[in-house]
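Structure first, commentary second.
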Amino acid sequence: MPLYRTAGCGTLRRSDAGCTAVLSGWVQRRRDHGGLIFIDLRDRSGLVQLVFDSSADSALFARAEKLRSEYVIKVEGEVVERTPANVNPALETGEIEVQVTAMELLNPSRTPLFYIEDNLNVDENLRLQYRYLDLRRPEMYRRLAFRHRATKLVRDYLDAHGFLEIETPMLTRSTPEGARDYLVPSRVHPGSFYALPQSPQLFKQLLMVSGVERYFQIARCFRDEDLRADRQPEFTQIDLEASFFGMENLFALMEGLMALLWREVKGIALQTPFPRMPYHEAMERFGSDKPDLRFGMELLDCTDLARECEFKIFRGAAEEGGVVKAIRVPGGGRMSRKEIDELAVLAAGWGAKGLAWMIREDGGWRSPIAKFFSEALLERLGQRLQAESGDLVLFAADQREQACRILGQLRLHLAPRDLPDQPRFLWVTDFPLLEYDPEEQRYVAQHHPFTAPREEDIPLLDSDPLAVRAQCYDLVLNGVELGSGSNRIHQRDLQMKIFELLGLSEAECQDKFGFLLEAFQYGAPPHGGIALGLDRLVALLTGDESIRQVIPFPKTAGAACLMTGAPAPVAPQQLKELSIALDDKVKDKASGELPAE
RNA sequence: GGAGCUGUGGUGUAGACGGUUAACAUGUCGGCCUGUCACGCCGGAGCUCGCGGGUUCAAGUCCCGUCAGCUCCGCCA
């Protein structure tokens, strides 16, 4: 068996001087000086400089002249200390170099399409098409290693807390509610389909009925919805569920996990417990159910003052059950009229009917709407807003939720540029159990249909369903929803009642969820759990904007893999086996794209 | 489903008021060079401007369409 290496390239140090080393790796760069060639050899541990001297071995030297970028070689040589003048402080191995005595070319390489180095500025298209080269770059390797380390910490932590890692099926059944499913046709049952799991939700609940008590899984999940920088059609969740384990237990468990991750991978000591905020407070103060607490600019209610002014839009909103809310943008008075108009366009995109503004100046207000306010009212407004000279104040007058949402968006848009690089965790609690979907003209679960309502709100299920609060919570970090969890329903009758509220008939309940409803009749323990987005979590830890950076083989915004070409048409025979016929509209296109056989 | 941005040698960019041979850097190939480390010097090759159509005497440049990538809205229990 050949010996490929005695050390990693990047691990050699001055203390290794005098030793013989065998190294294997990729040619990063060749510097040919005529009678002397330097090669930077790279493996995943780093770079080391190899030296080929023509006066030492002319045959070996001649072979070194043929080396090119990304050739894979194995070398043997002596680790020697560099003379002080030749030390390269920019390189971790810069105090030594390897005088090569033997070299084997393991595999040549075509000229790489882009540089295998960090801080690459190249089209993401190309990176994705040649992802294996992209991943060869040290910063990408570091991301993979980082993700591995974080995942391992999660596994060890949950193991230490008595959680069992258990796999659940990837081929399962489509259920109503939630995201669009990825479907997999069944050959054995023509016309029937599996669905890839949106989450292992039902299985983990059934594991609780099984008496597992504590389950977790690093679970791949699938949702056939449009992509974003932080959304891929397949993604990974840290999924867990526990029985006889209240919300306080779960909060403490997750806080411990976050503290561990930040300590181990970032060296940051998190303060626990994390603050908590009811959903309604988050909406009122930040216009968001996942507020970024790294800066202020909170929403302020001015409805009472608006009622006294002469501005019809404000008064109308106030008198017709709506609100007038405001945010103060410190120093925003410097904005030009054009910039403010652009804000109004943005706000309109978020559903605002208009965007009123005022600029505080020494001794007064500059604003198109100031004339509708009396001096005294302006004075009270200034106090309410704590406005200082040079501040810009933006108003939204609308129904409560709409006004809050619009200002919440504006708040994020106008957030200070240099936000502190500090994690601000938050539990958002007391979400409403249900929302009304005007399109479908029915209630939909705000979280999912298995979330338990708060005990004291159960009577409201009949009288005022929208007022029912859920035993549900989101973990939010710096404006990003990291995950959400809940205590689940574990009683058949209550589960049935919720399904009915969601518009499912009894027959549908039996058909789609009969197994769950039945399971609840065999001594289902109270249970609950949470799922955290691992991709988002890792991206936050690495400081990446897009989760594509921490996923080795991600899809594009068009849900395609540029490397493999997935998705792709399949042979007619494959479709026939599955009893699938293509629509005429797509038929020609699909067969046209089929590779020649 | 909608909106915006981007697409020019292998790679990253310039060219955009329409007008000779599409420029620069880097890479690549050849030559020279024994201390470089983004090595240096000399020389060469390489793009028809994402694709299709249109306007024009003339299109990388203007117009329409289309494809791909990115970002956002809708969507994502």
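Sequence lines set the chain letters: A, B, ... in the order given, protein chains first and strands last, and positions in each chain run from 1.
- No contact: A/Leu47 has no heavy atom under 4.0 Å from any strand.
- Side-chain proximity of A/Gln49 to the nucleotides B/G35, B/G69, B/C76 is greatest for B/G35.
- Among the protein residues, A/Thr83 comes within range of no part of the nucleic acid, since none of its heavy atoms lies under 4.0 Å from any strand.
- For the pair A/Asp123 and A/Gln446, both in contact range of RNA chain B, the more 5′-proximal nearest nucleotide belongs to A/Asp123.
- Within 6.0 Å of the CZ atom in A/Arg14, the count of heavy atoms belonging to other residues, nucleotides or ligands does not exceed 12.
- Straight-line distance between the P atoms of B/A23 and B/C63: roughly 25 Å, to the nearest whole Å.
- The aromatic rings of A/Tyr130 and A/Tyr132 sit perpendicular to each other, their planes meeting at more than 60°, with 30° as the lower class boundary.
- Computed from coordinates, the A/Arg110 CZ to B/C29 P distance equals 14 Å when rounded to whole Å.
- In this structure, A/Arg31 pairs ionically with A/Asp40, as a charged nitrogen and a carboxylate oxygen lie closer than 4.0 Å.
- Side chain of A/Asp53, nearest nucleotide from B/G69, B/U34, B/G10: B/U34.
- In this structure, A/Thr564 OG1 and A/Leu128 CG are separated by 11.0 Å, a value rounded to the nearest 0.5 Å.
- Taking atom CG of residue A/Asn119 and atom C1' of nucleotide B/U26, one finds them 16 Å apart after rounding to whole Å.
- For A/Asn125 against B/G7, a side-chain-to-base donor-acceptor contact under 3.5 Å is absent.
- Residue A/Ser54 is in base contact, counting any heavy-atom pair closer than 4.0 Å across all strands shown.
- When the C1' atom of B/U34 is taken as reference, atom CG of A/Leu36 falls 5 Å away, rounded to whole Å.
- If you measure from atom CZ of A/Arg30 to atom C1' of B/G40, you get 14 Å, rounded to the nearest angstrom.
- When heavy atoms are screened at a 4.0 angstrom cut-off, A/Val122 is found touching the sugar-phosphate backbone but no base atom.
- Across all strands shown, A/Glu97 has heavy atoms under 4.0 Å from base atoms, whether or not it also approaches the sugar-phosphate.
- When the side-chain nitrogen and oxygen atoms of A/Thr556 are compared with OP1 and OP2 of B/G69, one or more of them lie within a distance under 4.0 Å.
- Protein atom CZ of A/Phe114 is 21 Å distant from nucleotide atom P of B/A38, rounded to whole Å.
- A close approach under 4.0 Å does occur between a side-chain nitrogen or oxygen of A/Arg548 and OP1 or OP2 of B/U71.
- The minimum heavy-atom distance between A/Leu227 and A/Ala557, with the atom names listed, is CD1-O, 3.6 Å.
- The pairing partner recorded for B/C24 is B/G12, the criterion being a Watson-Crick or G-U wobble arrangement whose two distances lie under 3.5 angstrom.
- Checking B/G30, B/C72, B/U34 against the side-chain heavy atoms of A/Arg228 singles out B/C72 as nearest.
- At least one side-chain heavy atom of A/Pro432 sits less than 4.5 Å from a side-chain heavy atom of A/Tyr279.
- To the nearest whole angstrom, the two P atoms, one in B/C51 and one in B/C47, are 14 Å apart.
- Among the protein residues, A/Asp224 comes within range of no part of the nucleic acid, since none of its heavy atoms lies under 4.0 Å from any strand.
- Computed from coordinates, the A/Asp134 CG to B/U11 C1' distance equals 14 Å when rounded to whole Å.
- Taking atom CD on A/Glu177 and atom P on B/C75, their separation rounds to 15 Å, with Å as the unit.
- Relative to the side chain of A/Asn86, the nucleotides B/C70, B/C37, B/C76 differ in distance, and B/C37 lies closest.
- Counting non-hydrogen atoms under 4.0 angstrom, A/Thr175 reaches nothing in the nucleic acid.
- Counting distance only, with no hydrogens placed and no angle test, the side-chain atoms of A/Asp32 and the base atoms of B/C33 include a donor-acceptor pair under 3.5 Å.
- Contact annotation: the side chain of A/Met247 approaches that of A/Asn487 to within less than 4.5 Å [non-hydrogen atoms, C-beta and beyond].
- Of the listed nucleotides (B/G12, B/G10, B/C37), B/C37 has the atom at the smallest distance from the side chain of A/Asn88.
- Among the heavy atoms of the strands, none lies under 4.0 Å from A/Phe450.
- Of the candidate nucleotides B/G27, B/C37, B/C70, B/G27 has the atom nearest to the side chain of A/Tyr115.
- Within the structure, every side-chain polar atom (N or O) of A/Arg29 is placed at least 4.0 Å from both OP1 and OP2 of B/C37.
- Checked by distance alone, A/Arg231 brings a side-chain donor or acceptor within 3.5 Å of a matching partner on the base of B/C76.
- Taking atom P on both B/A3 and B/G74, the two are 16 Å apart, rounded to the nearest angstrom.
- With a 3.5 Å ceiling on both atom-pair distances, the Watson-Crick or G-U wobble partner of B/U66 is B/G50.
- B/A3 is paired with B/U71 under the criterion used here, namely a Watson-Crick or G-U wobble arrangement in which both key atom distances are under 3.5 Å.
- With hydrogens and angles left out, the side chain of A/Arg68 and the base of B/C29 share no donor-acceptor pair within 3.5 Å.
- Separating the CD atom in A/Gln549 from the CD1 atom in A/Ile547 is a distance of 11.0 Å, to the nearest 0.5 Å.
- Here A/Phe38 lies in heavy-atom contact (under 4.0 Å) with a base.
- Side-chain atoms of A/Glu124 lie closest to B/G69 of the nucleotides B/U11, B/G69, B/U28.
- If you check every strand for non-hydrogen atoms under 4.0 Å, A/Asp226 touches a base.
- Between A/Phe114 and A/Leu133, the closest heavy-atom pair is CZ-CB, 3.8 Å.
- Of the candidates B/U36, B/C75, B/C72, the closest approach to any side-chain atom of A/Glu225 belongs to B/C75.
- Under 4.0 angstrom from either OP1 or OP2 of B/C39 there lies at least one side-chain N or O belonging to A/Arg31.
- Using a 4.0 Å heavy-atom distance criterion, A/Glu117 is classed as making no nucleic acid contact.
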